[in-house]
Amino acid sequence: MRTFTLFPDAQERTDDQQKEREQAATAIVDALNPAQQEAVTAADGPVLIVAGPGSGKTRVLTHRVAYLIAAGKSAPYQILALTFTNKAAREMKSRIQKLVPEEAGARIWMGTFHSIFARVMRREAEKIGYSSDFSIYDSDDSERVVRELMNDKGIDTKQFSPRMIRSLISSAKNQMVGPSQYARLAASLPQDKAAEIYGPYEQVLRTANALDFDDLLLKPLQLFQEHEDVLAQYQDRWRYIHIDEYQDTNHAQYRLAKLLAGKHHNLCVVGDDAQSIYAFRGADIANILSFQRDYPDATVVRLEQNYRSTKTILRVADAIIKNNRDQLDKSLWTENADGEEVILIEGISEKDEALKLEHYIRDLKVRHGYGHRDFAILYRTNSQSRAIEDALRRGGIPYRVIGGISFYQRREIKDVLAYLRLIVNENDIASLRRVVNYPTRGIGAKSMQKIEAFASAQNIPLWQALRRVDETGVGPRAINAVNGFVNLIESFTERAKTEPVGPLTRDLIKDSGLLGEFRREHSTENLVRWENVQELVNAIAEYAASQGDEVRLSEFLQEVSLFTDADAGDDLEDRVTLMTLHASKGLEFACVFVTGLEEGLFPLARSLDDPRDLEEERRLFYVGVTRAEQRLFLTMARSRFRFGEQMAGIPSRFLDEVDAEVVRTEAGQHMQRRSDRFSANRGSAGGGSGRGSGRGAGSGGDWVEYETLDPDYYKASLRPPGSSGSRGSRSSTGSGGGFGRTGRDGQPKRAEPTGRRVVLDEGEGELRPGVLVEHDQFGSGKILAVDGTGQQAKATVDFDDYGRKKLVLRFARLRVLDA
DNA sequence: AATAACTTTCTTTTT
DNA sequence: GAAAGTTATT
């Protein structure tokens, strides 16, 4: 065991304390390999850790922070560690507290750039003219603002999508180009339109006292640039700064890091240029490539040993990344075993692909003892999850989907949040617009137009115009409605000053009419929505509890905006994980399926024009492949439903780039190269078309013949405890409790029918082909077909007088005629 | 002003 | 295969 001489400026301690600390520090360092040790114990000053996948870089960062704390570097200063997700921060923090338990009280600021600087803004907002109750606009909110502005200016939102305009504005902001400068630089038609919107957009956010995601970085930058004293204060607060996934920092983040580390230079960054996959949102790979130029005295450590994957998997990864030109040279190696060959799976359609995934998972689980949590299914676009979910659900395999529409992005949740935001911040125009006539209360577009005209004529905030609605010239009904709305919001603003937020939110949901909206129609969908809203109430109550009595609603709202699905993950449950390749960054799984390897999908069609985009896609593939510890599967479908129609799938060019030596097809052959890839595997894959006997039965020894097995053999893997499988998995982080709690809280008359779930499509079961039905308008007819379920259920009906029509059951109000 | 039903458009990845 | 936009009807 080695002992380290700890830093000379450590606090004064008794000899015993000093000894204890040195032992702790030694233990922290001894757990690592020499290269990692070097990274962890590097002297003060800039440190660049270039680390390949699976090299334990997050571990290194964790240990470095722990080591600094053990060495007494933290007190009285604090350590800042910026991670890529909030979840990563949480995990790192808890590991640090295990490594240096006696220092659990050490102040570590840990989180994403966005969450850390939202905190900074909460403290300093007034200094640059914002109030600390600012709202945070996510890209959805921003897009709405952009859309409205475009409508105001008569820009065709069909020709130029608000999303595109928003993202142009966002990248301008990221590069710190202001509206007037952007107008000068605009060189294309969309850019001209963006330039037209950019200034007003900034103005709207400003008057709304709102910050978008870009502002969360830019405003602190502005703060630091305008207030040297504030900068100095933060420079001294955070003497040691750590940044994980440095290759994915954007320009503003780069500047922030540079400013903050400007005084003490203790900036330690970890990254892998080969894993840079966020250029589309402004990440600049140059940040890591030029670190040594920015900090010539930097200690550079390379971590090239991989501890995660088998040699085979690494070989595939290496073959992939070699096709990229702009890459720092790294040679990855591992002492791990060769491991299993990589398997290439071909489905006849995306359904077949999904079915095969399900079969493989089942098979591996039974034959090799994997748990569900050992599997990850990765895809390029969120929409690909559907087919896979269907297959897993049918197979009774529990799963969770990360990303997609996260809980806080759901409409019903955003509606409630918009009310809360308005209560906190009456200038929040976007939230106001969202809820002013939802649920409908008679304040339609025309009335709002008049009120807005009045506001701009009088040069008063929109909210004030609402208060003076009787001067705006709208009709008496609208005046009444607006006054009701204003009173509603203001009474809650008043109550929010003294009352706890949990019950307050519950009352709000009732008084605003949202509750009535959910009850109005008893559909399964509304029930789910209502459950989600209950869950939100619980989340708020929970937050309130964790913060003690002093609850800041605005703070909760701000944090919620930065919360993502990936942060929520309860890893404890034994489920298969489904997510995009992007979301998989930093994670690892025993078995990984990279799916949808088809031209146009992965790589995505849009990336084909620009070689840099294509390289990013390739890095994405590299990231996906290197998530696997033991087994890797590459899958594709020969046809796929996209753009609403069936499209043929051509094997991805990426498949030509992997090392064919270590890849075999399901049939056990070595993968064939490009020249004949279009016919490759056709013989054996053809068998997959016969679904019933499918599962590659024809391919020989690879597959267990399910039919010949003891029927109980698979029982264990069927339908584990978790209830209705997937449905809840997106959003059901403990939803059950939600109802109970609200119900218990003691207003029996409001007791929602929690147990009795009235499913109002109850008639649906009777609507089968052949059944005679009657429609209010079309008269009688015969059902020809029914497709979709629940909300989406549609029936094709042949009406006696009107001919064939396709009706959405939700609206159609079909009555069954007795035969 | 609100609703129902039909039509169109668009689908990358996300802090 | 879903959302937003459009139109017709009350």
Side-chain angles (χ1 to χ4, degrees), chain A residues 82-89 111-118 136 138-140 143-144 147 151 157-159 161-164 167 170 174 212-217 245 248-250 252-253 277-283 378-384 386-387 402-406 409 411 437-448 474-475 477-478 481 520-521 561-567 579-585 596 600-607 613 616-617 619-620 623-624 641-645 775-778 787-788 791-792 794 805-808 810-813:
Chain A
L82 297 162
T83 54
F84 198 70
T85 63
N86 290 310
K87 188 181 177 192
T112 59
F113 267 94
H114 287 84
S115 64
I116 293 288
F117 288 100
I136 296 178
D138 63 20
S139 21
D140 200 59
E143 198 178 307
R144 285 170 99 98
R147 167 169 266 126
N151 286 335
T157 52
K158 294 225 168 105
Q159 196 180 353
S161 82
R163 177 175 301 175
M164 176 200 206
S167 97
S170 171
N174 263 319
D212 67 14
F213 279 152
D214 303 315
D215 288 331
L216 282 176
L217 306 172
E245 309 284 11
D248 284 318
T249 51
N250 66 22
Q253 290 167 330
I277 53 175
Y278 280 100
F280 70 92
R281 69 170 200 222
L378 310 180
Y379 36 78
R380 178 67 239 270
T381 65
N382 281 307
S383 57
Q384 286 165 256
R386 169 150 314 182
I402 294 183
I405 312 128
S406 81
Q409 281 174 329
R411 235 187 85 185
N437 201 30
Y438 182 80
T440 50
R441 48 170 72 83
I443 310 174
K446 278 269 153 54
S447 304
M448 274 310 280
V474 300
R477 265 180 46 190
R520 213 166 58 122
E521 196 190 339
S561 322
L562 300 172
F563 200 81
T564 63
D565 230 31
D567 299 327
M579 62 189 150
T580 61
L581 288 141
H582 282 91
S584 75
K585 182 149 86 145
L601 181 62
F602 192 26
L604 216 50
R606 300 171 85 115
S607 67
D613 288 345
E616 179 148 318
E617 295 280 310
R619 290 193 294 267
L620 196 54
V623 167
F641 237 83
R642 285 185 82 199
F643 306 104
E645 58 184 327
H775 186 268
D776 287 341
Q777 208 186 328
F778 302 131
D787 46 13
Q791 185 77 162
Q792 279 83 36
K794 296 183 188 82
K805 296 231 176 254
K806 200 167 189 181
L807 303 168
V808 178
R810 185 156 52 108
F811 300 121
R813 300 226 182 106

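Sequence lines set the chain letters: A, B, ... in the order given, protein chains first and strands last, and positions in each chain run from 1. Just so it is clear, the structure is predicted and the values come from calculations on it, not from any experiment.
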First encountered from the 5' end of DNA chain B, between A:Ser139 and A:Ala478:
A:Ala478
Please tell me which of A:Thr580 and A:Ile443 maps to the more 5' nucleotide of DNA chain B, matching each residue to the nucleotide holding its nearest heavy atom.
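Upstream on the strand: A:Ile443.
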Counting just side-chain N and O atoms, does [X] come under 4.0 Å of either OP1 or OP2 of [N]?
{"X": "A:Arg281", "N": "B:dT12", "answer": "no"}
{"X": "A:Asn382", "N": "B:dT13", "answer": "yes"}
{"X": "A:Arg147", "N": "C:dG5", "answer": "yes"}
{"X": "A:Arg386", "N": "C:dA2", "answer": "yes"}
{"X": "A:Asn174", "N": "B:dT15", "answer": "no"}
{"X": "A:Arg606", "N": "B:dT12", "answer": "yes"}
{"X": "A:Ser161", "N": "B:dT9", "answer": "no"}

Which whole-number value in Å describes the distance from [X] [atom1] to [N] [atom2]?
{"X": "A:Gln253", "N": "B:dT15", "atom1": "CD", "atom2": "C1'", "value": "8 Å"}
{"X": "A:Phe84", "N": "B:dT13", "atom1": "CZ", "atom2": "C1'", "value": "10 Å"}
{"X": "A:Lys87", "N": "B:dT14", "atom1": "NZ", "atom2": "P", "value": "15 Å"}
{"X": "A:Asp212", "N": "B:dT14", "atom1": "CG", "atom2": "C1'", "value": "14 Å"}
{"X": "A:Glu245", "N": "B:dT15", "atom1": "CD", "atom2": "P", "value": "13 Å"}
{"X": "A:Glu143", "N": "B:dC10", "atom1": "CD", "atom2": "C1'", "value": "12 Å"}
{"X": "A:Leu217", "N": "B:dT14", "atom1": "CG", "atom2": "P", "value": "18 Å"}
{"X": "A:Arg144", "N": "C:dA3", "atom1": "CZ", "atom2": "C1'", "value": "12 Å"}

Looking at [options], which one has an atom nearest to any side-chain atom of [X]?
{"X": "A:His114", "options": "B:dT15, B:dA1, B:dT13", "answer": "B:dT15"}
{"X": "A:Phe280", "options": "B:dA1, B:dT13, B:dT15", "answer": "B:dT13"}
{"X": "A:Leu604", "options": "B:dT15, B:dA2, B:dT12", "answer": "B:dT12"}
{"X": "A:Arg163", "options": "B:dT13, B:dT11, B:dA1", "answer": "B:dT11"}

Is there aromatic stacking of A:Tyr278 on B:dT13 here, judged by a ring-centre distance under 5.5 Å and a plane angle under 30°?
no
Just wondering, do A:Leu581 and A:Ile277 contact through their side chains at under 4.5 Å, heavy atoms?
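No, side chains not in contact.
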Taking all atoms of both residues into account, what is the closest heavy-atom pair of A:Ala478 and A:Ser447, and its distance?
CB-OG, 3.6 Å
Taking the six-membered ring for Trp, is the centroid-to-centroid distance between A:Phe84 and A:Tyr278 below 6.0 Å?
yes
Compute the ring centroids of A:His582 and A:Phe280, then answer whether they are less than 6.0 Å apart.
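Ring centroids of A:His582 and A:Phe280 are less than 6.0 Å from each other.
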Roughly how far, to the nearest 0.5 Å, is the CG atom of A:Leu562 from the OG1 atom of A:Thr85?
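Answer rounded to 0.5 Å: 12.5 Å.
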Compute whether any side-chain donor of one residue and acceptor of the other, for A:Asp214 and A:Ser170, lie under 3.5 angstrom apart.
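Yes, a side-chain donor-acceptor pair sits under 3.5 Å.
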Under 4.0 angstrom, heavy atoms only, what part of the nucleic acid is A:Asp138 near: base, sugar-phosphate, or nothing?
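Contact class for A:Asp138: none.
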Which part of the nucleic acid, if any, lies within contact of A:Ser115, taking any heavy atom under 4.0 Å across all strands shown: a base, the sugar-phosphate backbone alone, or nothing?
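No contact.
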Watson-Crick/G-U partner (both atom distances under 3.5 Å) of B:dT11
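In the structure as shown, B:dT11 has no Watson-Crick or wobble partner.
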Pairing partner of B:dT3 (Watson-Crick or G-U wobble, both distances under 3.5 Å):
C:dA8
